[in-house]
Amino acid sequence: MKNYNPQEIEKKWQKIWEEHKLYKTPDKSDKPKYYTLVMFPYSSGDLHIGHWYNFAPTDVFARFKRMNGFNVMEPIGFDSFGLPAEGAAIKRGIHPADWTKENIANMEKQLQSMGAIYDWSREIISSEPYYYKWTQWMFLQLYKADLAYKAKVPANWCPSCQTVLANEQVVDGVCWRCSSVVERRELEQWLFRITKYADELLDDVEALDWPEKTKTMQKNWIGRSEGVEINFPVISNKKGDIKEQLTVFTTRPDTIFGVTFMVISPEHPKLSSFVIQENKEAVSNYIEEVKKKSELERVALEKDKTGVFTGSYCENPLSRVKVPIYVADYVLMSYGSGAVMGVPAHDQRDWDFAKKYHLDIVEVIRGGDVANEAYTESGEMANSDQFNGLDSKEAKKRISDYIEKEHLGKRKINYHLRDWLVSRQRYWGAPIPIIYCEKCGLVSVPETDLPVLLPYDVDFTPKGKSPLATNSEFVNTKCPTCGGKATRETDTMDTFVCSSWYYLRYPNPDLEDKPFDTDLISYWLPVDTYVGGAEHTVLHLLYSRFFTKALKDFGYLKFGEPFKTLRHQGIILGPDGQKMSKSKGNIINPDELVKAYGADTVRTYLCFMGPYDQGGPWNPKGIEGIYRFLTRVWILTNKQKDIFSAQELTVEERRFMAKTVKKVTDDLTCFRFNTAVAAIMEWFNFLRGKKTVYGEEIKNLIILISPFAPHLAEEIWQIVFNSAKEFEPKLSVHNQLWPAYIKQHLEEKEVWVVVQVNGKLRDRLLVAVGTSKEDIQKLAEGSPKVSKFLKDKVLCDIVYVSNRLINFVVS
RNA sequence: GCCGGGGUGGCGGAAUUGGCAGACGCGCUGGACUUAAAAUCCAGUGGUGGUGACACCGUGCAGGUUCGAUCCCUGUCCUCGGCACCA
């Protein structure tokens with residue numbers, strides 16, 4: 001018998017699989033399809049153990065599905081546009097395109113060592129023209145449908161990187177890469193009108209098979225809140241005549257009689273018209289102060305409310321009370337109408353503000369102690385004219401009705417979700433396919449002219465404007481409409497645009513005249529199981545859902561949700577329990593693990609570590625346990641080779657085998673990899689303790705283990721069953737055997753019944769299934785372990801659970 | 001502050017969702033093999049008491065419901081994520 005040599009075995013089988021094109025996914029098949037996908041990896045350079053943790057168990061799952069008779073597609077590709085490529089390229093003096101290509105070549109090699117069933121002919125690289133051509137096409141479709149537009153908006157500007165950053169690239173007010181304090185700048189930017197789909201995105205999330213946490217995060221991100229927009233007439237301090245209206249948004253119209261002041265955002269466009277002469281200086285000083293404050297400081301100062309009186313007043317349209325208008329930076333221009341009504345008695349922020357500036361606090365809902373803090377719950381209405389005595393929940397409806405009836409305002413729904421800013425002033429991204437013509441204005445690039453190629457020779461070191469603008473050959477062009485002089489848009493698209501539709505491309509990666517074939521897409525999509533990290537995924541997942549919904553409305557898709565089932569993998573920490581990082585020197589390199597133990601061991605250990613969505617510290621000793629296990633499997637199966645025979649198994653043996661098969665099936669279906677491995681180990685330990693292990697048992701062992709350790713399984717299959725030509729211990733065998741087998745052998749004829757006295761375990765009885773309560777009672781009472789606890793006691797009751805338990809209640 | 005997930009041996013974690021707590025693995029202890037070590041194999045391994053069969057205690061803490069609670073309810077402490085002046 002040869003020693004277990006994983007490296008040799010793995011090399012051998014990976015070659016055979018490739019030669020036989022075993023894992024080439026047919027476009028269509030009679031088999032039911034199964035589309036399983038991991039989140040588009042970024043072409044960062046090296047695969048780390050976190051990638052493996054994402055990909056390996058997912059491949060175990062994909063292999064499992066394949067063995068169960070599905071036409072499985074498990075594609076792979078690279079998300080390869082983006083700022084890190086530029087950063088690394090600048091640092092190392094390599095062009096981003098070359099850097100990216102190098103990285104991808106390396107990552108492909110690493111991925112191949114894993115033994116996954118990727119169909120490499122379907123690989124997608126998002127920075128290649130054949131792909132971004134269709135990213136640009138997507139942009140044009142959105143533009144056509146008025147879902148893409150250009151507007152002046154406040155954007156996050158990093159003064160050090162000299163570029164706009166996405167919201168997700170700003171962490172606690174500083175740039176994620178250089179930690180500079182991010183500034184707000186008003187800039188002309190391209191945006192996608194995702195807010196148009198806010199309700200649909202919110203409503204449809206409920207039915208998805210996604211982790212509840214992720215669904216909640218999406219719901220919170222969309223942040224729908226129902227309220228009322230109310231117009232307050234403005235009275236200038238001097239004259240008292242009505243010259244303007246101030247519109248506020250509130251979710252608490254029931255508190256309107258408690259308004260004692262108004263607050264307007266420093267960025268509010270109408271602000272200057274409210275400021276009277278005497279207060280002009282104070283207000284402009286205040287605005288200057290606010291401008292100086294960075295986002296970071298605004299957050300850090302948190303609850304400390306500041307503001308200045310404008311000098312004007314509002315009239316409460318319901319109570320006719322005159323209240324002062326303040327400007328304060330705790331009111332955000334970006335939400336609601338940029339102005340709020342101050343109800344200190346029932347809103348803590350307003351309460352804080354009122355206390356600081358000695359404004360009145362008028363209680364209109366009973367139930368709290370408004371002298372000490374705001375009362376934000378519901379209760380009985382007071383000080384509210386005709387609404388007094390009502391419950392505030394009811395008053396909310398009545399007051400809203402009244403406001404609408406009297407034309408003082410209207411019901412309104414607001415969202416936390418903003419339109420998606422997609423312009424980037426960077427080089428390494430898909431160019432936005434728009435042309436500016438002196439005569440015709442803004443013109444889209446005709447679809448036949450796509451792709452708008454990203455030029456290679458560009459000075460991409462950050463200079464504060466789009467690098468593409470420095471390349472006159474790129475910039476200067478002809479207007480597609482009039483043929484006159486025109487210039488190209490020089491911003492590129494956010495990489496999240498690339499990853500918002502890539503899952504639609506895998507079924508038809510080589511299609512030249514369209515991004516995807518609707519019929520083929522209808523067969524493969526939606527993705528059955530989508531797997532990726534829980535961090536940073538709200539945006540990608542939301543964007544992808546938005547794209548799918550928009551493309552459906554355009555008539556290209558027949559489904560409205562891209563990812564039916566979503567699972568997250570946890571984060572693997574260093575052996576020290578810290579997040580892995582170069583500076584801490586606690587990085588686990590998968591290549592070294594493969595070299596030491598083989599891919600099969602790494603795959604299986606990643607599955608066995610713990611619950612998949614949990615992750616946790618890497619245990620260098622733990623992987624040795626798996627290596628031992630696989631070695632033992634190798635030894636046992638090889639040893640038993642000669643006595644392989646069609647011997648009959650006992651009932652007990654069959655049951656254990658069937659139980660294991662069922663457990664592994666159930667666990668893998670639910671992504672419980674750790675307990676699936678444990679079940680195989682348990683059964684294996686039983687086999688190891690037997691004098692003779694039969695061929696049927698070995699066959700099943702190999703089948704069960706093959707999704708985890710496919711190379712090992714192939715090798716043993718070949719050795720034990722002497723089938724030199726056959727590869728992949730197909731579950732077609734298994735398929736027929738599996739469900740019928742379970743049915744036949746799992747049915748138990750005898751069961752252990754637990755005997756308790758006052759709920760405490762005292763004995764166990766092995767009885768035939770269906771034994772009567774009376775017989776079990778007799779047996780139990782006859783047991784000395786039980787009877788000694790029944791002696792001298794009064795029997796009050798007997799609880800009996802059929803085939804499971806009997807409990808004597810005594811006193 | 002708001003929302004959500006967790007607290008089980010020395011460690012990672014199991015437990016058919018109310019019915020044998022600690023599966024499986026790591027580690028540790030003892031033994032076999034070896035001149036020796038490594039590797040491998042065998043046995044043991046929640047705590048306390050007892051030579052022992054056994055007994056009692058034990059799933060963050062305090063109560064409650066129940067014949068019976070790791071699981072359900074109330075309170076409380078700790079911890080990890082996400083969002084955060086959203087009116």
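Here the structure is a predicted model, which means the values were calculated and not measured. Order of the sequence lines fixes the chain letters, A, B, ..., with proteins taken first and strands second; residue numbering starts at 1 for each chain. Any value given below was found using the heavy atoms of this structure, including those in side chains, with hydrogens, waters and symmetry copies removed.
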Inter-residue atom distance [X].[atom1] - [Y].[atom2], 0.5 Å rounding:
{"X": "A:Ile705", "Y": "A:Asn700", "atom1": "CD1", "atom2": "CG", "value": "12.0 Å"}
{"X": "A:Lys355", "Y": "A:Phe353", "atom1": "NZ", "atom2": "CZ", "value": "14.5 Å"}
{"X": "A:Ile264", "Y": "A:Met262", "atom1": "CD1", "atom2": "CE", "value": "8.5 Å"}

Exercise. Pick out which of A:Asp763, A:Leu765, A:Val755, A:Leu766 makes a side chain to side chain contact (heavy atoms under 4.5 Å, CB included) with A:Leu779.
Key: A:Leu765
Practice problem: Could you point out which residue of A:Asn674, A:Ile623, A:Val60, A:Ile572 forms a side chain to side chain contact (heavy atoms under 4.5 Å, CB included) with A:Leu606? | Solution: A:Ile572
Nearest-Å distance once atom [atom1] is located in both [N] and [M]:
{"N": "B:rC61", "M": "B:rG10", "atom1": "C1'", "result": "23 Å"}
{"N": "B:rA69", "M": "B:rG60", "atom1": "C1'", "result": "16 Å"}
{"N": "B:rU79", "M": "B:rC41", "atom1": "P", "result": "42 Å"}
{"N": "B:rC85", "M": "B:rC2", "atom1": "C1'", "result": "12 Å"}
{"N": "B:rG1", "M": "B:rC67", "atom1": "C1'", "result": "45 Å"}
{"N": "B:rU8", "M": "B:rG4", "atom1": "P", "result": "22 Å"}
{"N": "B:rC20", "M": "B:rC71", "atom1": "P", "result": "13 Å"}
{"N": "B:rG81", "M": "B:rA15", "atom1": "P", "result": "25 Å"}

Rounding to an integer number of Å, can you tell me how far [X] [atom1] sits from [N] [atom2]?
{"X": "A:Tyr627", "N": "B:rC26", "atom1": "OH", "atom2": "P", "value": "15 Å"}
{"X": "A:Arg672", "N": "B:rA14", "atom1": "CZ", "atom2": "P", "value": "10 Å"}
{"X": "A:Asp763", "N": "B:rC20", "atom1": "CG", "atom2": "C1'", "value": "11 Å"}
{"X": "A:Glu682", "N": "B:rG13", "atom1": "CD", "atom2": "P", "value": "19 Å"}
{"X": "A:Arg804", "N": "B:rA15", "atom1": "CZ", "atom2": "P", "value": "15 Å"}
{"X": "A:Ile635", "N": "B:rC41", "atom1": "CD1", "atom2": "P", "value": "7 Å"}
{"X": "A:Trp618", "N": "B:rC26", "atom1": "CH2", "atom2": "P", "value": "14 Å"}

Respond yes when some side-chain nitrogen or oxygen of [X] is under 4.0 Å from OP1 or OP2 of [N], and no when none is.
{"X": "A:Arg632", "N": "B:rU40", "answer": "no"}
{"X": "A:Ser225", "N": "B:rA87", "answer": "yes"}
{"X": "A:Arg762", "N": "B:rC20", "answer": "no"}
{"X": "A:Asn674", "N": "B:rA14", "answer": "yes"}
{"X": "A:Asn619", "N": "B:rG27", "answer": "no"}

Check every strand shown and say whether [X] touches a base, only sugar-phosphate, or nothing at a heavy-atom separation below 4.0 Å.
{"X": "A:Gln614", "answer": "sugar-phosphate"}
{"X": "A:Pro611", "answer": "sugar-phosphate"}
{"X": "A:Tyr605", "answer": "nothing"}
{"X": "A:Lys788", "answer": "sugar-phosphate"}
{"X": "A:Asn685", "answer": "sugar-phosphate"}
{"X": "A:Gly625", "answer": "sugar-phosphate"}

[X] side chain: which of [options] is closest?
{"X": "A:Lys621", "options": "B:rA87, B:rC26, B:rC85", "value": "B:rC26"}
{"X": "A:Arg688", "options": "B:rC42, B:rC56, B:rG25", "value": "B:rC42"}
{"X": "A:His416", "options": "B:rG19, B:rA84, B:rC56", "value": "B:rA84"}
{"X": "A:Met681", "options": "B:rC56, B:rC24, B:rC3", "value": "B:rC24"}
{"X": "A:Val331", "options": "B:rG82, B:rG81, B:rA87", "value": "B:rA87"}
{"X": "A:Phe608", "options": "B:rA23, B:rC85, B:rG12", "value": "B:rG12"}

Quiz item: 5'-most contact on RNA chain B: A:Val754 or A:Gly616, nearest heavy atom basis?
Solution: A:Gly616
Practice problem: On RNA chain B, check which nucleotide each of A:Asp350 and A:Leu761 is closest to and give me the residue with the more 5' one. | Solution: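 Looking at the nearest nucleotide for each, A:Leu761 comes out on the 5' side.
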Do [X] and [Y] have side-chain N/O donor and acceptor atoms under 3.5 Å apart?
{"X": "A:Thr604", "Y": "A:Tyr627", "result": "no"}
{"X": "A:Asn414", "Y": "A:Ser225", "result": "no"}
{"X": "A:Asn807", "Y": "A:Tyr800", "result": "no"}

Self-check item: Where the chi angle of B:rG9 falls, syn if within 90° of 0 and anti if not
Solution: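 Chi for B:rG9 falls in the syn range.
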Quiz item: Can you check B:rU17 for me, syn or anti if syn means within 90° of 0?
Solution: syn
Quiz item: Taking protein heavy atoms under 4.0 Å as touching, what does nucleotides 64-72 of chain B look like 5' to 3' if B marks base contact, S marks sugar-phosphate-only contact and - marks none?
Solution: ---BS----
Self-check item: Positive for side-chain hydrogen bond (donor to acceptor under 3.5 Å, both in side chains) with A:Lys663, one of A:Asp667, A:Thr665, A:Asp666
Solution: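 Single side-chain hydrogen bond (donor to acceptor under 3.5 Å, both in side chains) partner of A:Lys663 among A:Asp667, A:Thr665, A:Asp666: A:Asp667.
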Quiz item: If you count the non-hydrogen atoms of other residues, nucleotides and ligands that lie under 6.0 Å from CG in A:Asn3, is the total more than 12?
Solution: no
